[in-house]
Amino acid sequence: RRKLFIPQIRKFSKYKSACHYSTNENLNKISTKTAENFIPFLQRIDIRRTEARRSIIVQVQSAKSYKELWSYCSTFGAIKSMFHYSVGIDPSHFIIVEFENESIVSSIMNSSNYSEGGSGMPTQSNFMWFKAANNKLKLKDNKNANLSVEFGTDIQLEEEIKVALGNSENVSEQIRKLHELTRLNDVGVRLRFLTALQIENAITGMFPHATAYPFGSSVNGYGKTGCDLDLFLKLSNDKRHDNGRLVFHCKPLNSSERSTTQRHMEVIGDLIHLFLPGCGHVRRILQARVPIIKYHQQLTDVECDVSMSNMSGVHMSDFLYIMGELDDRVRPLVFTIRNWAKTVGITNSAPGRWITNFSLTLLVLAFLQNPPSGKPVIPTLNKLEEQAGKSDKFALEDGTDVSFLRDITKYKQKTKNTDSLERLLMEFFVYYSQFDFDNKAICLNDTVAIAKPEHSAMYIINPLERGLNVSKNVSFEEVLRFKNELKNAAWILESKEPKTANWGLLSIMQGPKVVNMFQKLSTRTKPSRLVEIKSIFDDNENESKSPEKKVKSD
Ligand code: GTP
Ligand code: MG
């Protein structure tokens, strides 16, 4: 009876690949991608959204509560999987419970209570806590209970990365290992989709077709542990029943579209701030070209940026996702360069006059479309546009055409480039250290050299909205610093002998800066804080007292 099935628990498994624990067959396929099992981006988003809809997050006393939680939740219907994570230094513990179907979550919602004494807004959401049982719950035989617990401390992870990089055969292997160890894992993805679902559910009373689309690094395959969640909140869907004769009365939109969006976002910001459990530190950045609401969801420890103006971020994420799927060198290379840039201070999480992660990603992709060998690793956007089929036709709200081939299994031209990751990294450093940023623009639509249309220090043509410069914010000083750091990196990488102290990647991310490289990992959610796994097996007592401290919402 005590023998519990705990699948694939491995030491330091916390930063292993997304989908590692998933029982969803479709998603499992993603981790071993081949042309046959490629899942188009929007379909992948749908799978994750459905998975979030049949899941709840429950705050518990400790990971040990899972047996009792399993028994209690099973009375509503079949459980598919459970995942433990914790938040904070003095951690609060949570378990994601995924059910076999969404209707079980509805029954749970219908039979769950609000906090005793009527304190707090009576909001219903997928975030709950597990209260102490009045009568000791008779545990059912829960031999099928399983909990994916990921464990390992951040200090151990930091050490593991250093050891893994130090023990690698060559720089290419270091690049792959860094990617494997730091990329956003399955629990991280689930938490982001559940965070998105909370805001979507909150407004569906008034806007039944509202959808919160995650985009950016949470879903495009370039996200690392702790990355932010970019959300596009769309109030209506595009489906129209043209034949229907009864039409809803709607409030007319009578001011300019931008100021209306800003007003709507203010209201959404207030709603998040006042009513949604776990959401706090709401900031309204409404004067930006794309107005956004920033907030922090404390129960998942996810930092969110909500926008409402257009779908371009979602289509852009699709484009980046496809590029990552087309060749398995793309993501490890992007990860390494983003890590390097953060370490040497080229990028910074605060907005400013420096290169953003997004711009840097486009720089890497543009390089891979046109490497010095003359053999592209990935195609230009024009090539994907030429092959767009009927189902690939999309347009932005302002009519901009964003049609390009989404199902890359239909992309026939395979790359002839066989360069190692080490070589590509070195060539990247050299390529941009010599790039004529003064006169040329970077273009991912085509490989022809394009003169800069205006005098920004760095000009990266937005591949989907070509009139826009993605790196407009970057100053001349930052471009200079970027070029110097590129030269430095190329020089260090070439001069450092393999297998000496801090060789390869460690040499370009060394000293106190290595610590910076890991800082984000160690201050964010610990979807996998150290859990004494033995104690979970050994201790069979009833553990589900109400959590001593609940995470306070703002
Ligand atoms: P991290 O959040 O740093 O992990 O990377 P990210 O790729 O998610 O970048 P960020 O959160 O800054 O942006 C999210 C998405 O918004 C990007 O992937 C783009 O699709 C889009 N985006 C960001 N900056 C720009 C910009 O300057 N112009 C345009 N058109 N889109 C942008
Ligand atoms: Mg982001």
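Both ligands and their constituent atoms are indexed starting at 1 by order of listing. Predicted model only: the values in this text are computed from it and were never measured.
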By the definition ring-ring contact (aromatic ring centres under 6.0 Å, His included), identify the one residue from F482, W340, F435 that meets it with F429. W340
Give the residue and atom name of whichever protein heavy atom lies nearest to atom 14 (C) of ligand 1, and the separation in Å to one decimal. D230 OD2, 3.3 Å
Any donor-acceptor pair under 3.5 Å from R183 side chain to L181 backbone: no
Can an N, O or S atom be found in D230 less than 2.8 Å away from the Mg ion (ligand 2)? yes
Are I57 and L299 packed together at the side-chain level, in the sense that at least one heavy-atom pair is separated by less than 4.5 angstrom? no
Protein non-hydrogen atoms only, distance under 4.0 Å: does atom 12 (O) of ligand 1 have such a neighbour? no
Any heavy atom of G313 closer to ligand 1 than 4.0 angstrom? yes
State, with a plain yes or no, whether a side-chain heavy atom of L405 is found less than 4.5 Å away from one of K383. no
Output the list of atoms in ligand 1 that are nearer than 4.0 Å to some heavy atom of R289, sorted by atom number. 28 (N), 29 (C), 30 (N)
What protein heavy atom sits nearest atom 15 (C) of ligand 1, and how far away is it? F215 CE1, 3.6 Å
Within 45° cone of F404 ring axis and under 6.0 Å: R406 NZ or CZ: yes
Is any side-chain heavy atom of T361 less than 4.5 Å from a side-chain heavy atom of L320? yes
Looking at D228, the N, O or S atom sitting nearest the Mg ion (ligand 2) is OD1
Residue, atom and distance of the protein heavy atom nearest atom 3 (O) of ligand 1 read N357 ND2, 2.9 Å
Under a 4.0 Å heavy-atom limit, does Y222 contact ligand 1 with its side chain, its backbone, both, or neither? neither
Counting non-hydrogen protein atoms only, what is the nearest one to atom 32 (C) of ligand 1? Give residue, atom name and distance. F358 CE2, 3.3 Å
Within the structure, is a non-hydrogen atom of T356 found at a distance of less than 4.0 Å from ligand 1? no
What is the ring orientation for F41 with Y321, classed by angle as parallel under 30°, tilted 30 to 60°, or perpendicular over 60°? tilted
Quick one: which of M316, E465, K342 has a heavy atom closest to atom 20 (O) of ligand 1? M316
Could you report the tightest heavy-atom contact between K472 and S456, atom names first, then the distance? CG-OG, 4.2 Å
As a quick check of understanding, evaluate ring pair (Phe, Tyr, Trp, His ring centres under 6.0 Å) for Y295 and H273, giving each step before the final call. CA-CA 8 Å; Y295 70 97; H273 173 66; over 10 Å; no
Heavy atom of the protein closest to atom 30 (N) of ligand 1 (residue, atom name, distance): N462 ND2, 2.6 Å
Looking only at protein heavy atoms, which one is nearest to atom 2 (O) of ligand 1, and how far off is it? D228 OD1, 2.8 Å
Hey, which of T415, L384, T447 is the one that makes side chain to side chain contact (heavy atoms under 4.5 Å, CB included) with P379? L384
Nearest to atom 7 (O) of ligand 1, what protein heavy atom do you find, and at what distance? S217 N, 3.9 Å
Among protein heavy atoms, which sits nearest to atom 5 (O) of ligand 1, and what does the distance come to when rounded to 0.1 Å? R338 NH2, 3.0 Å
